[in-house]
Undergrad: 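This is the structure I want to talk about, given as structure tokens.
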Amino acid sequence: MTTQPARAIQFGVFFQGVNFGTIWSSAQSGSQHDFESFRRIAQTAERGLFSAFFLGEGLRLREHLGRVHELDVAGRPDAQTQLAALAAVTERIGLVATQNATYNDPHDLARRLASLDLLSDGRAGWNVVTTDNAWTGANFRRGGWLDHADRYRRAAEFVTAAKRIWAAEPGERVEAPDDLIPFATTSTLPRSRQQRPVVFQAGDSDTGREFAAQHADVIFSAHGKLDDAIAFASDVRRRLPAYGRGADELKFFPGQEFILAETDAEAREKADWVTHAQVSPQTALAYLEQVWGRSLSEYDPDGPLPDVDPVQDEADGTRGSMFSGLRAKQTADQWRALAAEKGLSIREFVIAQTTRRSIVGGYGSVADLLVRYVESGAVDGFNVSPYLVPTGLDDIVDGLIPELQERGVYPTEYAGTTLRENLGLPAVREPEAVRA
Ligand SMILES: Cc1cc2nc3c(=O)[nH]c(=O)nc-3n(C[C@H](O)[C@H](O)[C@H](O)COP(=O)(O)O)c2cc1C
């Protein structure tokens, strides 16, 4: 028996790899290195029946105009090592590691993920990314960097190979599905109780969406606004039949930040504090410097956007920046026009740019909004990025979840013990290798 509603929202918690969204400067914050931060947040999430604790991957510290970017979260411990430690202090929550398919090898990564799956008794997940910059690639002994299409070709073969390894009996020989990543290996581990780790995917290009439709169990997307989430889900779902897959085989978990309080007015006040703590005057300038490619320290963060033009053609002022490839002058012109039109200072402009995805409101009104998400069928869960660590989930667990449960759109207990069961995914079809 399960009390899980037919249609419900779920939560995962996304502990980011590299970002400025987490307010480490607050007295309430822990450390991004200490196990205690991770233990506390994973156990709070489990108290709130979250389906997954999810770690992003940042394999190289960002560099800003030639120096380590100290405004970012820096140097979080390796995901799989951390999740193995968390498996020992949690019982039900899924443990999802973001791991790239570009610099790893299938037989090695498949064995490590299968190990986490066994040690956590069926709670492991793998978020497949392709990691999109040469600057990260240079940190690996291979040095090389594949272009976008080749990274996805490699990722497809990689995931197919991993699934074959997981499907094989211990001692059974497994060969590469294609010849992009040549290998022959012998499976070493039995299956876990959820058969194999759940496969997540994060990547938004057309190729990334196609890849997800073919290979993933869950998509971690950046499409958290309701109309956007509906358009995204329908785009990806229409790709499923080509791979013989049904809509119940792929779940949608957009990333989301929630700023909550007892009332809407209090939540708006809190949002003002959160955004100003996230976007300090230095962060605001550093944000623009990614596009301008030069120091803007002589500009007043409370004044208008710089009148000087970028010194680069393409945005690359911060290594590992999400803007890389953007036309710098064109972007600067657009931003200046937008800020001037709305009368925004540098800091206000950056705040407006970076907080578009937050859901802000009182517990009751946010619960009502989430009911609309549930009714749309476009979102199975939210991957929450807490702005405070480790206390950032407390208001969701203690304030929002009871409201959702009252409205019948949130589980009142874990549906099962494995991640696959708790996500409501069907059993893995056999044999997986045939579907490659
Ligand atoms: C929501 C989301 C989260 C991501 N998280 C990570 C991450 O933690 N580490 C990483 O290297 N890449 C991450 N990526 C980027 C992936 O490397 C992705 O493969 C890259 O954007 C290229 O794919 P695309 O062109 O299909 O978007 C993320 C992408 C999205 C959309």
Side-chain angles (χ1 to χ4, degrees), residues 12-22 32 52-62 72-80 82-83 95-104 109 125-140 142 145-159 199-216 218-225 228-229 231-233 235-236 239 250-257 315 318-326 354 356-358 379-385:
V13 50
F14 179 52
F15 203 120
Q16 290 179 322
V18 177
N19 75 97
F20 63 76
T22 317
Q32 78 268 30
F53 178 90
F54 197 105
L55 288 168
E57 182 186 57
L59 292 175
R60 184 163 180 176
L61 301 186
R62 267 202 260 208
D72 271 346
V73 175
R76 212 204 51 224
D78 167 69
Q80 285 182 65
Q82 237 192 78
L83 295 178
L95 302 164
V96 186
T98 301
Q99 302 278 284
N100 73 81
T102 303
Y103 305 109
N104 283 296
L109 185 62
W126 170 28
N127 180 37
V128 184
V129 294
T130 64
T131 302
D132 54 358
N133 59 77
W135 163 86
T136 297
N139 221 14
F140 288 79
R142 275 197 198 102
W145 181 53
L146 305 173
D147 69 21
H148 191 267
D150 283 339
R151 277 187 284 131
Y152 271 111
R153 259 182 231 120
R154 184 181 161 94
E157 187 168 329
F158 197 121
V159 174
V199 174
F200 289 62
Q201 183 270 358
D204 196 31
S205 61
D206 191 64
T207 324
R209 294 176 183 204
E210 201 66 31
F211 172 89
Q214 185 173 6
H215 298 284
V218 186
I219 297 192
F220 171 31
S221 86
H223 301 280
K225 278 182 74 176
D228 194 17
F232 179 72
D235 176 83
V236 177
R239 300 167 193 255
L250 185 61
K251 305 286 178 191
F252 291 84
F253 269 64
Q256 191 68 62
E257 182 179 79
T318 299
R319 288 310 188 82
S321 142
M322 59 186 166
F323 295 124
S324 55
L326 269 190
T354 53
R356 283 170 307 202
R357 279 188 285 148
S358 309
V379 171
D380 297 287
F382 288 106
N383 224 356
V384 180
S385 289

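Below, each value reflects all heavy atoms present in this structure, side chains not excepted, and no hydrogens, waters or symmetry copies. Order of listing sets the numbers, starting from 1, for every ligand and every atom in it.
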Undergrad: With atoms numbered from 1 as shown, which atoms in ligand 1 lie under 4.0 angstrom from a non-hydrogen atom of Val129?
TA: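 Checking each atom against Val129, I get 6 (C), 10 (C), 11 (O), 12 (N), 13 (C), 14 (N), 16 (C), 17 (O).
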
Undergrad: In this structure, which one of Asn100, Thr98, Asn383 forms a side-chain hydrogen bond (donor to acceptor under 3.5 Å, both in side chains) with Asn127?
TA: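 The passing option is Thr98.
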
Undergrad: With a 4.0 Å cut-off, would you call Asp147 and Arg151 a salt bridge?
TA: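 A salt bridge is absent here (no side-chain N lies under 4.0 Å from a carboxylate O).
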
Undergrad: Can you check whether Gly203's main-chain N or O pairs, donor with acceptor, with Gln201's side chain at less than 3.5 Å?
TA: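 Indeed, once roles are kept as given, a pair shorter than 3.5 Å links the two residues.
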
Undergrad: Going by the order shown, which atoms of ligand 1 are within less than 4.0 Å of some heavy atom of Gly56?
TA: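 What qualifies from ligand 1 is 8 (O).
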
Undergrad: With sequence neighbours left out, write down each residue that passes ring-ring contact (aromatic ring centres under 6.0 Å, His included) with Phe211, or none if nothing qualifies.
TA: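 Scan of Phe211 (ring-ring contact (aromatic ring centres under 6.0 Å, His included), adjacent residues dropped) gives Tyr152, His215.
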
Undergrad: Which ligand 1 atoms does Ser205 reach within 4.0 Å, using its non-hydrogen atoms?
TA: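 Selected atoms, number and element: 24 (P), 25 (O), 26 (O), 27 (O).
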
Undergrad: Over 60° means perpendicular and under 30° means parallel, so tell me whether Phe54 and Phe220 are parallel, tilted or perpendicular.
TA: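 Correct class here is perpendicular.
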
Undergrad: Ignoring hydrogens, just give me the one of Arg151, Glu57, Arg60 whose non-hydrogen atom is nearest atom 10 (C) of ligand 1.
TA: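 The nearest heavy atom belongs to Glu57.
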
Undergrad: Under the ring-ring contact (aromatic ring centres under 6.0 Å, His included) rule, collect the residues that match up with Phe382, sequence neighbours excluded.
TA: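 Phe258, Tyr373.
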
Undergrad: Consider every N or O of Ser221 and every N or O of ligand 1, then say whether any pair is closer than 3.5 Å.
TA: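 No - when backbone and side-chain N and O of Ser221 are compared with those of ligand 1, no distance drops under 3.5 Å.
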
Undergrad: Give the contacting part of Arg209 toward ligand 1: side chain, backbone, both or neither, where contact means a heavy-atom distance below 4.0 Å.
TA: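 Neither part.
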
Undergrad: Measure from atom 4 (C) of ligand 1 to every heavy atom in Ala202, Gly208, Ser385 and give the option owning the shortest one.
TA: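 Shortest heavy-atom distance from atom 4 (C) of ligand 1: Ala202.
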
Undergrad: So Arg153 and Asp150, salt bridge (Lys or Arg N to Asp or Glu O under 4.0 Å) or not? Walk me through it.
TA: CA-CA 5 Å; Arg153 259 182 231 120; Asp150 283 339; 2.4 Å; yes

Undergrad: Can a non-hydrogen atom of Asp204 be found less than 4.0 Å from any atom of ligand 1?
TA: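 Right, Asp204 reaches ligand 1.
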
Undergrad: Looking only at heavy atoms, is any part of Thr98 under 4.0 Å from ligand 1, and if so is it the side chain, the backbone, or both, or is it neither?
TA: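 Within the 4.0 Å criterion, Thr98 contacts ligand 1 through side-chain atoms alone.
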
Undergrad: If you measure every N or O of His148 against every N or O of ligand 1, does any of those distances drop under 3.5 Å?
TA: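 Yes; the residue has a nitrogen or oxygen that sits under 3.5 Å from a nitrogen or oxygen of the ligand.
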
Undergrad: Going by atom types alone, do Ser358 and Glu257 pair a side-chain donor with an acceptor below 3.5 Å?
TA: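 On atom types as modelled, these side chains qualify, holding a pair under 3.5 Å.
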
Undergrad: List ligand 1 atoms under 4.0 Å from Tyr152, heavy atoms only on the residue side.
TA: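 It comes down to these atoms of ligand 1: 19 (O), 23 (O), 24 (P), 26 (O).
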
